[in-house]
There are 2 protein chains.
Amino acid sequence: MTDSLKLPRFLLIKQTIENHISSGSWPVGTRVPSENDLAASFSVSRMTARRALTELDKEGLLTRTPGLGSFVAKPPAVIPNVELPNVVQDIQNIGIYSCRILTLETIQADMATAKKMRVEVDDELYKGIFVHLDSQNPVQFEEIVVNAKLAPAFVKQNYNKVTAENYLNWVIAPSHTEYRVSAVQASAAQRRELKLTHDGEGICIKVTKRHWVQKTVLSISTLINPAEKFHLGQQIQ
Amino acid sequence: MTDSLKLPRFLLIKQTIENHISSGSWPVGTRVPSENDLAASFSVSRMTARRALTELDKEGLLTRTPGLGSFVAKPPAVIPNVELPNVVQDIQNIGIYSCRILTLETIQADMATAKKMRVEVDDELYKGIFVHLDSQNPVQFEEIVVNAKLAPAFVKQNYNKVTAENYLNWVIAPSHTEYRVSAVQASAAQRRELKLTHDGEGICIKVTKRHWVQKTVLSISTLINPAEKFHLGQQIQ
DNA sequence: CTCCCGTAATTGTATATACAACTATACATT
DNA sequence: AATGTATAGTTGTATATACAATTACGGGAG
């Protein structure tokens with residue numbers, strides 16, 4: 001016997017339709033049987049057939065319009081997007097992580113920073129500068145500015161095992177994050193800290209993130225990654 | 001009067017719950033009223049209250065377990081991913097696009113290329129090198145290698161308005177694409193073509209894509225973008 | 001021929017009901 | 001004290017029904 005005895009009927013209907021679509025026998029634009037048709041052919045009530053169709057609609061496989069019927073939907077265009085790697089987490093998984101704290105202090109917002117952080121000038125902020133190392137080799141330079149009101153305990157935290165950014169994600173989950181990825185030449189200080197001594201080295205990928213909590217800015221962090229050791233997406237070989 | 005007369009009741013219930021969640025008055029883990037509770041307090045049938053809860057469940061705002069109840073769900077970890085901009089399309093939308101063809105020829109696969117393209121050595125490939133311009137200003141350097149068997153008409157195409165990549169997307173929709181984003185120093189030829197004459201210029205973001213059609217490689221394209229004009233994600237200001 | 005209207009078909013909203021499956025708790029038995 | 005049982009509450013599945021809103025189509029009036 002099949003497992004049809006335990007399989008809910010609306011799921012059986014869904015799978016039947018999904019199979020017709022994925023096999024190509026119902027190409028895009030095909031009209032699928034109406035709720036009443038399905039109810040009759042599967043010997044279920046209209047509400048059960050309806051559930052199969054509405055769920056397939058919400059999943060994007062069908063488009064339903066009153067008076068017309070249900071139709072196989074055009075699959076969405078593939079949006080090429082790339083995941084941002086979490087360098088520190090990668091090290092903690094497969095390497096030996098440590099962290100050098102260059103700066104961890106309270107500052108007052110200057111005009112440019114106040115604007116980006118959406119606070120008033122002279123408002124209290126925390127500033128941290130870190131170098132993340134894998135087996136004593138520096139791999140990432142991090143600079144972070146935090147809204148002091150939202151994370152009062154920020155400067156008292158121990159950052160040997162937890163990143164500043166991860167600490168904030170734990171304490172205050174950001175509701176939204178903006179990203180910007182660009183390429184820059186490392187500054188003198190960054191070159192020194194990242195040990196980019198050779199000529200020709202120094203090209204870095206800069207990742208800037210602004211974390212929001214509702215309508216206020218929690219933090220802005222800037223990550224500087226030497227291009228030799230850092231990339232987005234898979235290796236192509 | 002409000003618009004409550006036209007607003008479906010299940011939507012009213014949904015919005016009420018959403019407001020409790022987004023305002024913070026029902027934090028993560030809070031148990032929300034049961035189907036019967038909602039049915040009673042909103043004077044609707046259980047099925048209507050149920051619809052509100054099940055939809056919020058599928059949208060990820062609630063977690064429902066039989067016998068226990070419905071609870072405010074933990075918001076999903078934000079997956080930091082960035083869209084790859086389509087430079088040519090952006091120019092065509094808001095600028096004046098043109099294209100210089102540096103190379104457009106048939107070649108035979110050498111060992112390294114054959115490996116990446118998943119073809120045999122000496123198999124026929126097409127190679128194209130383009131410079132994309134906005135108002136005569138070069139903004140992107142493109143190099144593409146195409147499997148000749150899959151796109152025999154590739155070299156005969158006119159690439160003044162359509163990118164090589166877009167042409168391939170039209171003729172043969174790739175089923176899967178791999179990406180890699182890194183930062184490099186432009187080569188001498190690239191500096192010349194992109195008019196990166198000043199000292200200090202020359203840092204570029206390199207985007208490599210490999211398009212697959214089922215189990216065969218359709219093309220590998222490499223885009224070189226001057227960092228000054230190119231970034232991923234939004235501007236943060 | 002054109003416009004208007006009725007009708008059938010389809011999806012959307014809503015109710016009332018029934019039973020199944022699962023969970024935690026309280027209570028009774030051993 | 002540990003175990004088993006009954007029960008109430010919750011979500012999951014399913015049915016039968018009613019009416020509303022939208023669409024296409026056909027037929028009749030002008």
Side-chain angles (χ1 to χ4, degrees), chain A residues 1-21 26-74, chain B residues 1-21 26-74:
Chain A
M1 289 292 286
T2 69
D3 58 349
S4 57
L5 291 179
K6 295 204 73 179
L7 189 74
R9 318 228 218 175
F10 77 93
L11 272 183
L12 173 65
I13 302 176
K14 275 184 74 174
Q15 290 176 4
T16 305
I17 296 173
E18 282 168 355
N19 287 339
H20 275 109
I21 294 176
W26 289 356
V28 172
T30 304
R31 181 175 164 187
V32 308
S34 72
E35 298 176 357
N36 285 320
D37 291 344
L38 290 171
S41 59
F42 281 90
S43 302
V44 296
S45 74
R46 186 198 144 201
M47 292 306 286
T48 301
R50 174 181 178 71
R51 177 166 179 186
L53 290 177
T54 50
E55 290 199 0
L56 288 171
D57 178 22
K58 296 218 165 178
E59 290 167 16
L61 282 148
L62 296 181
T63 304
R64 286 156 62 75
T65 44
L68 263 179
S70 306
F71 304 85
V72 177
K74 193 173 77 175
Chain B
M1 289 293 287
T2 69
D3 58 349
S4 59
L5 292 179
K6 295 203 74 178
L7 189 73
R9 318 230 216 173
F10 77 94
L11 272 183
L12 174 65
I13 301 176
K14 274 184 74 174
Q15 290 176 5
T16 305
I17 297 173
E18 282 168 354
N19 287 340
H20 276 107
I21 294 177
W26 289 355
V28 172
T30 304
R31 180 174 166 189
V32 308
S34 72
E35 297 175 357
N36 285 320
D37 290 345
L38 290 171
S41 60
F42 282 89
S43 303
V44 296
S45 74
R46 187 198 143 199
M47 292 307 287
T48 302
R50 174 180 178 72
R51 178 165 179 186
L53 291 177
T54 50
E55 290 199 359
L56 288 170
D57 177 22
K58 297 218 165 177
E59 290 167 16
L61 282 150
L62 297 181
T63 304
R64 285 155 62 76
T65 43
L68 262 179
S70 306
F71 303 85
V72 177
K74 194 173 78 176

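Model, not experiment: these values are computed from the prediction. Just so it is clear: chains get the letters A, B, ... in the order the sequence lines come, proteins before strands, and each one is counted from 1. For the numbers below, each heavy atom of this structure counts, side chains included, while hydrogens, waters and symmetry mates do not.
Taking the side chain of A/Arg31 as heavy atoms from C-beta on, and the options C/dA9, D/dT13, C/dT23, the nearest nucleotide is C/dA9. Which of D/dT10, C/dA18, D/dT15 sits closest to the side chain of A/Val44 comes down to D/dT15. Listed candidates were C/dC22, C/dT10, C/dT23. Nearest to the side chain of B/Pro66 is C/dC22.
The CD atom of B/Glu55 sits 16 Å away from the P atom of D/dT11 (whole-angstrom rounding). The CG atom of A/Leu53 sits 15 Å away from the P atom of D/dA14 (whole-angstrom rounding). Between A/Phe10 atom CZ and D/dT15 atom C1' the separation is 15 Å, expressed in whole Å. Atom CG in B/Leu62 sits roughly 10 Å away from atom P in D/dT11 (whole-Å rounding). A straight line from CG of A/Asn36 to C1' of C/dG12 spans 13 Å, rounded to a whole angstrom. When the P atom of D/dA18 is taken as reference, atom CE of B/Met47 falls 18 Å away, rounded to whole Å. Whole-Å rounding puts the A/Arg46 CZ to C/dT15 P distance at 15 Å. Rounded to whole angstrom, the span from the CD atom of B/Glu35 across to the C1' atom of C/dC22 amounts to 13 Å.
One finds no side-chain N or O of B/Arg50 lying less than 4.0 angstrom from the OP1 or OP2 phosphate oxygen of D/dT11. Side-chain N/O atoms of B/Ser70 include one lying less than 4.0 angstrom from OP1 or OP2 on D/dT11. Side-chain nitrogen and oxygen atoms of A/Arg9 include at least one within less than 4.0 Å of the OP1 or OP2 phosphate oxygen of D/dT15. Note on B/Arg64: every side-chain N or O is 4.0 Å or more away from OP1 and OP2 of D/dT10. At least one side-chain nitrogen or oxygen of B/Thr48 sits closer than 4.0 Å to the OP1 or OP2 atom of C/dT15. OP1 or OP2 of C/dT13 lies within a sub-4.0 Å distance of a side-chain N or O belonging to B/Arg51.
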Begin with the C-alpha distance, continue with both residues' side-chain angles, and end with the deciding distance and a verdict on side chain to side chain contact (heavy atoms under 4.5 Å, CB included) for A/Thr30 and A/His20. CA-CA 10 Å; A/Thr30 304; A/His20 275 109; over 6 Å; no
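In this structure, A/Glu59 does not pair ionically with B/Lys58, as no charged nitrogen and carboxylate oxygen lie closer than 4.0 Å. Salt-bridge annotation for A/Glu55 and A/Arg50: absent, with no side-chain N of the basic residue lying under 4.0 Å from a carboxylate O of the acidic one.
Nearer to the 5' terminus of DNA chain D, by closest-nucleotide assignment, is the contact made by A/Ser45 (compared with the other of A/Leu68 and A/Ser45). If you find the closest nucleotide of DNA chain D to A/Ala49 and to A/Thr65, the one lying nearer the 5' end belongs to A/Ala49.
With respect to B/Leu38, the side chain to side chain contact (heavy atoms under 4.5 Å, CB included) criterion is satisfied by exactly one of B/Thr48, B/Val44, B/Ile17: B/Ile17.
Between B/Gln15 and B/Leu7 there is a side-chain heavy-atom pair separated by less than 4.5 Å.
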